[in-house]
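Whatever order the structure lists ligands and atoms in, that order sets their numbers, starting from 1.
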Amino acid sequence: MTAYEIIRKKRNSHALSSEEIAWFVNGCVSGEIPDYQITALLMAICLNSMNDDETAALTAAMAQSGETLCPSKELGGFCVDKHSTGGVGDKTTLIAVPICAACGVYVPKMSGRGLGHTGGTIDKLESIPGLSTNLSHEKFMNIVRSTGFAVASQSENLAPADKILYALRNATATVDSIPLICSSIMSKKLATGADGIVLDVKVGDGAFMKTPAEAQALADLMVNTANHAGRKCKAIISDMNKPLGKCVGNALEVTEAAEALSGNGCRKDLYDISCTLAAQMLFIAGKGSYEDCMTQAQNAFHSGKAFEALEKTVALQGGNVEALHDFAVMGKPEQSAYVRAGRSGRIMAIACERTGLTAMELGAGRKTKNSAIDPTAGVVFLTDVGDYVSEGEKIAALYSSANCDIEGIVKNAAEIFKIEG
Ligand code: URA
């Protein structure tokens, strides 16, 4: 077998065998295959695609390229995981995962950092002073055993093939390939070893998948790939044409999740999707019919049991639990400014990707791989799609402690809102 033959086969639109795919992935990780041959194959896949069997084989080879975990064996119970393909204001992990834990299902969750204009759970949780997501395996498992869930950052040795391929894809315009996105996401999910996986595939202006057809194709392929590897899997497709909930930004999103779980109000879109994801996770874990699981999820949300699980996990991960009650503990922004309605009328749309980019400019996301995050930065919507507003009314608040031109950002942020009347 040679890399040249494999590249030529895919260039000519032929399906690769699982042996060829595993051989190539091993060669990427061992360093025997040079970057120019890896990127040639990535481009051939991007242009000529892969069938379901090839995608499953690529995912399995990438999952097996590093350490693989088997948490259910260690914990003696079914383990479930959730994954979102990336959104703006998406703090559902901070709500749905404690709900599942409160309902008696283990969630050993490995999460990522923000990517582009989208946020990441690790950055959000690290807004809580003292909280560590860099947990030893033993500590991670002990916290899950004790409270039902823990959230750790992905270890360096988890699916290392994905790190190599992702960096090359990013630099060679080969990110936008459904089989490559599927294998990238699912290799990490398979390596973390959950028995059941619930996927939240986002679609719309603020998501990586812009059309329902693309989102459905990715969802179907990811479910098929998980099933192929013997895992239960369910995908939901959810709207990302407007930011989820009212806050976008790291500490702001922790605040919104804590307010929701402690009975201090939750926007309907955030409540609905968080309970749907939790109910799907409980259902996949065999906790009853979907309707029963939805009732259990809603009870855990309203009774304060999910909030208790969140408080316990935050404390065990070293975080100051006071931050879930007194949000100023996560820091006070040094600058703030209001976006005001440019005219009277009805808010018809709130541009989602643009909101994510505005939060990034304020300091909530990384402009370069190594830039620091400002936990206090972000956007709070004071209005929602469908609301009537008067000219000059405050419609959103912007916060930042970063060195940024907040007045300039406010002017541009007015364009996030489409007001007609
Ligand atoms: N997230 C990933 O982890 N990989 C992709 O390819 C796209 C989104």
Under 4.0 Å between a Lys/Arg side-chain N and an Asp/Glu carboxylate O for K246 and E259?
yes
Test: D200 and K82 ion pair at under 4.0 Å
no
Using a strict 4.0 Å cut-off to heavy atoms of [X], name the atoms of ligand 1 that fall inside it.
X: Y166; answer: 4 (N), 5 (C), 6 (O)
X: I185; answer: 1 (N), 2 (C), 3 (O), 4 (N)
X: K188; answer: 2 (C), 3 (O)

N or O contact, S184 vs ligand 1, cut-off under 3.5 Å:
yes
R169-ligand 1 polar pair, N/O distance under 3.5 Å
yes
Keeping the roles fixed (side chain from D269, backbone from L244), state whether a donor-acceptor pair exists under 3.5 Å.
no
Does any N or O in the side chain of T313 come within less than 3.5 Å of the main-chain N or O of F149, such that one atom is a donor and the other an acceptor?
yes
Looking at ligand 1, does I181 have a heavy atom less than 4.0 Å from it?
yes
May I ask you to decide if the ring planes of H302 and Y271 are parallel, tilted or perpendicular, using 30° and 60° as cut-offs?
tilted
